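What you see is a predicted model, and the numbers here were worked out from it, not measured in a lab.
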Amino acid sequence: MSGIELQKAYEPKSVEEKWYAFWLEKGYFHADVDADNEPFSIVIPPPNVTGSLHIGHALNSTLQDILVRWMRMSRRNTLWIPGTDHAGIATQNVVERQLAKEHINRYDLGREKFIEKVWEWKKEYGGRIIGQLKRLGASCDWQRERFTMDDGLSRAVREVFVTLYEEGLIYRGERLINWCPRCHTALSDIEVEHEEEKGKLYYISYPLSQDHNIRLTVATTRPETMLGDTAVAVHPLDPRYKDLVGKTVDLPLTNRKIPIVGDSILVDLEFGTGAVKVTPAHDFNDYEAGQRQIPNLARIKMLDDKAEIRPDIPDVLPDVLKQIAGKPAKKARGMVVELLQERGYLMKTENHAHSIGKCYRCKSVVEPYLSPQWFVKTAPLAGPAIKAVESGRVQFVPKGWENTYFDWMRNIKDWCISRQIWWGHRIPAWYCDDCGTITVSRTDRTACAQCASKNIRQETDVLDTWFSSALWPFSTLGWPERTRDLAFYYPTSALVTSFDIIFFWVARMIMMGLHFMDEVPFRYVYIHALVRDVEGQKMSKSRGNVIDPIVMIDQYGTDAFRFTLAAFAAQGRDIKMSAERIEGYRNFANKIWNASRFALMNIEDNFKPNADLVNEYSTPADKWILSRLQAVIKEVSSALTEYRFNDVASSLYQFIWHEYCDWYVELSKGSLKDENHSVRKASQTALFVTLETILRLLHPTMPFITEEIWQKLPAGTRGTARSIMVSPFPKADDTLIDIESERYMQPSMDTTLVIRNIRGEMNIPPSARPEAVIRPQNEEARKILEETQTYITSLAGLSKIHIAMDAAAPPGSATGASSWAVASLVLPEKGIDINAERDRLMKEIAKISKDIDVFSRKLSNKDFVDKAPKAVVEKDTLKLEEFKVKRDKLEQSLKILG
RNA sequence: GGGCGGAUAGCUCAGCUGGGAGAGCACAGCCCUUACAAGGCUGGGGUCACAGGUUCGAUCCCUGUUCCGCCUACCA
């Protein structure tokens, strides 16, 4: 007995704090360039500073931490760079909301003061998520924590912006963009979420200028925009209208005549009336059609940035204008509809479902809006980025996501990068009020580059927050400086993220990485699932179905939580999370704890395993578990290599609980008490080495409990490292793989199960110690069973065991069969219910008969015998034989029973 | 409209390259057996969505159908 004792149950809380502090203090998370060692680097997808840890972050970070801890233990120079994202619009909104409570808006404060406020906010609350990541056990190199708006990264942003501008890949122009009327800013295409909504389709008739009896009816979902129409389009081949092309209509409510044009792209013959109003300033299709047809008329501006109708539309009837001017779009719609109806232009309305674009930050309905913005010309950047994935320099896991990536990249549109908000990287462009020149510069300007006038203003727009995140893999390593870190750790090894930001982030990192570093930013992109609630719904505060990871951690412990996440990270499926699942793995943690407790109770303080793990004193069980252990090491390693986190979890769970605990710990109880010291020592060695190896295999997934136990093991059992996190990850030892021993254990294990089965069905309490008679099926089985009979005696709870090829089932016994032997359990003190036993036997016989049926039919099929692989046929033949013997024996027993 | 994924035990899901259907939870029975009741042992329960096809053999491969997700798209 050792003096080392564990408490009865695992208590996560204090353990977690203790070891995380220990790891930090020892500097184990920190990495430095070391040219002798191959690097493994990951950059964290920077969470928003506004964020608190939600379950998606927890999954994302856990998977990264598993990889990082695994690689670190595998002796790679491992770096995980953490940081946060300034999250432009999101953060600005949060601070604005906070100010609103004090009845202040940002315009009251002015730009400078407001930004100060945001920084204050960031200082106070921005670190919360980092603290939460630490509770999760994330082994990031915190000394390298970055923020997308810190000095270094801001320099990188400016360098990239100016370079792209100089290369002609950034331009400014007036285009139709998506405008969020609540956030008061432009959005990129992908920042708009489309939602199906019930709306109405309004049919409006436009009288032909030349003959008011002829009317052209158009259908629209947005009648208020008709004031900005510049044309009516019909299909050039439409027999109904083709003669009208070239004529004009009188636009209702205005004094304007607009042309009827033929446009085969815009107009679908089948839909609506076949005639479409063209409103270039309010619809992306119409914008393009306008450009095609009558570019000079394409720019009738109607809405300003408050989504109100402005009174500068040409030719609107004065009384109409008076009513509409200054009204929000929604209100204006009702009014226009009313006026159209009054004046006899509204033909009918229909219900109509169509999708509406909404702001991804605030869910307001976005408005197509014509305005001057900054754009990145993406096509030239996308080409190489597509090639990088095609050629495999970047690989997506699972591979299917590559299609999503290609699909978007091949149809990529220019990226609108300017935002009319204050929080972010201000665009480094200066407008000259004297000569009108735009100066774009790496350094702040006080004078125009063209005319040297001091009368210049910096652009007030800031950059899309995703602009800076696109640079993350190299900006965090010191770029634009050519640092040693950059040379060593770039490209990073893997990126772990979820599919919803493939476009926002992954694609753009690849483009920027290739353009500025001439190398991909990462080799592998592991795309994990989205975490949903039990009902499969996306978690959100408004639904009230959010599972707070910190609450789960408090309740079940970090390790159980992490293990759950890993176990559910099966590729290609969303994860439905629920608290009950975590509880199961909390129990698993406790199981490990107690197995360790058992092991520690069975050794001396100064225990040292045998140098040769297997020697002449090793029992079959010792050899078996060590052999199985090697297989598990291989499984876990290959699963990690292929990002199959759920397989990592399930092979460990299966092995630890159902092989190590259920079988080996029980089997070892005999030999651990053997009078022969060498026998004891051999089993202690197997018990301990297996446990210690399990802990190391498990450490990437369950860092805390493994460290806690590992530190309690006698020094002689755990090598030279001072922490499990810097001890070597297990490597399989092929010399310990012993198929013979694994097979050797089968007869006793199977027979044990048969006897337990009888006990279960006959309701024999565990305290009873019956005798058993075993009839092996062949000579080999007899030999093995005789040699391993103590295993059966102890694991099946028997008092005595009798093994003989020709033994008869004794009277008052119950019988069952494995493929090795037929076992009869004697119940002298209780006797058995003959009828019950007969039923049980018949049930078992029926079961086997079914198998026999299936197999004989299969084997009498000539095609199968001829065409199937030989091994399969042989295996099946053997099985059939075994089944038959089994059935014969059972039938004999039944006969004896009478 | 296009694309992707899913449909396997009451629930949640595994099942990698085709060869007698698995786990966890839940449920039922017997147990406080000296690591663990957050535990042990045992048991019940599935024409692997439907219809065809390929094959000696299909949960797995192919085609089609139905029902669910999700992504994407400018149907006025």
Side-chain angles (χ1 to χ4, degrees), chain A residues 6 8-10 190 194 201 218-222 233 265-268 270-279 283-289 352 354-355 357 368 400-401 403-404 407-408 411 499-500 502-503 530 532 534 536 538 556 560 567-568 570 572-578 580-581 583-602 638-639 642 644 646-647 650 653-654 658 661-662 665-666 669 753 756-767 795-797 850-851 854-855 858 861-869 871-873 875-876 879:
Chain A
L6 301 184
K8 238 182 154 179
Y10 173 59
I190 49 179
H194 294 272
L201 198 55
V218 299
T220 177
T221 53
R222 304 213 32 207
I265 298 172
L266 182 66
V267 182
D268 173 5
E270 307 292 314
F271 191 88
T273 60
V276 186
K277 65 196 268 307
V278 180
T279 323
D283 183 283
F284 288 95
N285 285 328
D286 292 9
Y287 180 75
E288 279 167 27
H352 179 69
H354 65 292
S355 75
W401 292 107
N403 287 329
T404 308
D407 207 44
W408 189 69
N411 299 302
F499 64 82
D500 52 341
I502 290 179
F503 306 148
L530 219 60
R532 298 171 183 282
V534 199
K538 214 167 169 170
Y556 300 112
F568 288 113
R573 216 191 250 241
D574 288 346
I575 300 171
K576 293 182 193 167
M577 181 49 73
S578 75
E580 294 93 74
R581 327 284 304 250
E583 196 179 329
Y585 291 116
R586 189 266 320 258
N587 297 351
F588 176 55
N590 200 48
K591 190 76 179 175
I592 296 163
W593 182 260
N594 278 296
S596 309
R597 199 162 160 254
F598 171 81
L600 285 169
M601 287 170 121
N602 280 286
S638 74
E642 293 161 32
R644 289 183 283 110
N646 59 320
D647 289 340
S650 74
Y653 186 94
Q654 182 64 30
H658 297 305
C661 292
D662 286 353
V665 165
E666 296 304 322
K669 282 177 180 170
L753 288 175
R756 281 177 178 173
N757 177 318
I758 298 171
R759 293 182 72 121
E761 295 216 338
M762 304 303 275
N763 264 344
I764 300 164
S767 50
L795 266 62
K850 225 163 119 191
D851 291 337
V854 170
F855 276 76
K858 201 166 161 189
N861 182 341
K862 243 187 118 182
D863 283 331
F864 170 70
V865 178
D866 291 350
K867 293 180 188 170
V872 175
V873 178
K875 212 176 89 197
D876 286 359
K879 275 186 175 167

Check your understanding: Which part of the nucleic acid, if any, lies within contact of A:T221, taking any heavy atom under 4.0 Å across all strands shown: a base, the sugar-phosphate backbone alone, or nothing?
Key -> sugar-phosphate
Check your understanding: Is A:R586 touching bases, backbone alone, or none of the nucleic acid, heavy atoms closer than 4.0 Å?
Key -> base
Check your understanding: For A:G357, which contact category applies under a 4.0 Å heavy-atom criterion: base, sugar-phosphate, or nothing?
Key -> nothing
Exercise for review: Between B:rA14 and B:rG6, how far apart are the C1' atoms? Round to whole Å, please.
Suggested key: 14 Å
Check your understanding: Okay, side chain of A:R759, backbone of A:G797: is any donor-acceptor separation there less than 3.5 Å?
Key -> yes
Check your understanding: Within the modelled atom types, does a donor on one side and an acceptor on the other bring the side chain of A:K591 and the base of B:rC36 under 3.5 Å apart?
Key -> yes
Practice item. Could you check which of B:rG29, B:rC70, B:rC36 has an atom nearest any side-chain atom of A:N763? Key: B:rG29
Review point. Is there a donor on the side chain of A:E666 or the base of B:rA35 sitting less than 3.5 Å from an acceptor on the other?
Key: yes
Exercise for review: Scan A:Y556 against the nucleic acid and name what it touches under 4.0 Å (heavy atoms): base, sugar-phosphate only, or nothing.
Suggested key: nothing
Exercise for review: Among the candidates B:rA73, B:rC75, B:rC30, find the nucleotide nearest to the side-chain atoms of A:D268.
Suggested key: B:rC75
Review point. Using the P atom in both, what is the distance from B:rC11 to B:rC27, to the nearest Å?
Key: 15 Å
Practice item. Find the distance between CD1 (A:I758) and CD1 (A:I764) and round it off to the nearest 0.5 Å. Key: 8.0 Å
Check your understanding: Quick one: OH on A:Y556 to OH on A:Y585, what's the gap to the nearest 0.5 Å?
Key -> 14.0 Å
Revision key, fill the gap. When both distances are under 3.5 Å in a Watson-Crick or G-U wobble arrangement, the nucleotide paired with B:rA23 is B:rU12
**Study point:** Nucleotide paired to B:rA7 in any strand shown, Watson-Crick or G-U, under 3.5 Å
**Key:** B:rU66
Revision key, fill the gap. Out of B:rA73, B:rG40, B:rG19, minimum distance to the side chain of A:P766 belongs to B:rG40
Check your understanding: What is the distance, rounded to the nearest whole Å, between atom CG of A:D876 and atom P of B:rG19?
Key -> 12 Å
Review point. So does A:K858 reach the base of B:rG20 with its side chain, donor to acceptor, closer than 3.5 Å?
Key: no
Exercise for review: Would you mind telling me which residue lines up with the more 5' stretch of RNA chain B, A:A595 or A:A275, judged by nearest nucleotide?
Suggested key: A:A595
Check your understanding: When you measure from the side chain of A:E761, which nucleotide among B:rU42, B:rG40, B:rA38 comes out closest?
Key -> B:rU42
Check your understanding: Is there a donor-acceptor contact under 3.5 Å from the side chain of A:N590 to the main chain of A:R586?
Key -> no
Point to revise | Minimum-distance nucleotide (side-chain atoms of A:F855 versus B:rG40, B:rA38, B:rG20) | key: B:rG20
Check your understanding: When rounded to the nearest 0.5 angstrom, what is the spacing between CG in A:N594 and CG in A:N587?
Key -> 11.0 Å
Check your understanding: Can you find a side chain N or O atom of A:N411 that sits less than 4.0 Å from OP1 or OP2 on B:rU72?
Key -> no
Practice item. Tell me which nucleotide among B:rC71, B:rA76, B:rU42 gets nearest to the side chain of A:V267. Key: B:rA76
Review point. Base, sugar-phosphate, or nothing: which does A:R759 touch, judged by heavy atoms less than 4.0 Å apart?
Key: nothing
Check your understanding: Heavy atoms under 4.0 Å, any strand shown: does A:L266 hit a base, just sugar-phosphate, or nothing?
Key -> base
Practice item. Using atom CZ of A:R222 as one end and atom C1' of B:rC75 as the other, report the distance to the nearest whole Å. Key: 16 Å
Check your understanding: Does A:N757 put a side-chain nitrogen or oxygen below 4.0 Å from OP1 or OP2 of B:rG43?
Key -> yes
Review point. A:R597 side chain to A:L6 main-chain N or O, any donor-acceptor pair under 3.5 Å?
Key: yes
Review point. Given atom CZ of A:R756 and atom P of B:rG40, what is their separation to the nearest angstrom?
Key: 11 Å
Point to revise | B:rG45 - base-pair partner by Watson-Crick or wobble geometry, distances under 3.5 Å | key: none
Point to revise | Listed nucleotide nearest any side-chain atom of A:A9, set B:rA35, B:rG19, B:rA38 | key: B:rA38
Practice item. Mind calculating the distance between NE2 (A:H354) and P (B:rC75) to the nearest angstrom? Key: 10 Å
Check your understanding: Any idea which of B:rA35, B:rG43, B:rA76 is nearest the A:L201 side chain?
Key -> B:rA76
Exercise for review: Specify the separation, in whole Å, of atom NZ of A:K875 and atom P of B:rG20.
Suggested key: 7 Å
Point to revise | A:F588 CZ - B:rG39 P separation (whole Å) | key: 12 Å
**Study point:** Interatomic distance at P, B:rU34 relative to B:rG40, whole Å
**Key:** 14 Å
Practice item. Considering only atom C1', compute the distance from B:rG20 to B:rA58 and round it to an integer number of Å. Key: 14 Å
Check your understanding: Considering only the C1' atoms, how many Å lie between B:rG19 and B:rC32, rounded to the nearest integer?
Key -> 46 Å
Check your understanding: Looking for any heavy atom pair under 4.0 Å, which part of the strands does A:D662 touch: base, sugar-phosphate only, or nothing?
Key -> sugar-phosphate
Point to revise | Watson-Crick or G-U counterpart of B:rA73, or none if no pair lies under 3.5 Å | key: none
Review point. Does A:H658 place a side-chain N or O at less than 4.0 Å from the phosphate oxygens OP1/OP2 of B:rG24?
Key: yes
Study note, to complete from the structure: Side-chain contact check for A:D863: nearest option of B:rU12, B:rG24, B:rC56 is B:rC56
Exercise for review: Measure the CD-CG distance between A:Q654 and A:D647 for me, rounded to the nearest 0.5 Å.
Suggested key: 12.0 Å
Study note, to complete from the structure: Checking B:rG20, B:rA14, B:rC71 against the side chain of A:D851 (C-beta onward), the nearest is B:rG20
Check your understanding: Whole Å only: how far is the CG atom of A:N590 from the P atom of B:rG40?
Key -> 11 Å
**Study point:** Sugar-phosphate, base or nothing in reach of A:L753, heavy atoms under 4.0 Å
**Key:** sugar-phosphate
Exercise for review: Answer yes or no for A:K591 and A:F588: cation-pi contact, defined as NZ/CZ to six-membered ring centre under 6.0 Å and angle to ring axis within 45°.
Suggested key: no
Exercise for review: Rounded to whole angstrom, note down the P distance from B:rG10 over to B:rG45.
Suggested key: 11 Å
Check your understanding: OP1 or OP2 of B:rG19 sitting under 4.0 Å from any side-chain N/O of A:K879?
Key -> no
Point to revise | Donor-acceptor pair under 3.5 Å, A:D407 side chain vs B:rG3 base | key: no
Exercise for review: Taking atom C1' in both B:rC71 and B:rU65, compute the distance separating them and give it to the nearest angstrom.
Suggested key: 23 Å
Study note, to complete from the structure: Atom CE of A:M762 and atom P of B:rG29 are separated, to the nearest Å, by 19 Å
Point to revise | Pairwise P distance, B:rU47 and B:rU8 [rounded to whole Å] | key: 12 Å
Point to revise | Nearest-0.5 Å distance, CH2 of residue A:W401 to CZ of residue A:F499 | key: 5.0 Å
Point to revise | CG on A:L201 to OG1 on A:T273, rounded to 0.5 Å | key: 9.0 Å
Practice item. Return no unless some side-chain N or O of A:K8 is found under 4.0 Å from OP1 or OP2 of B:rA37. Key: yes
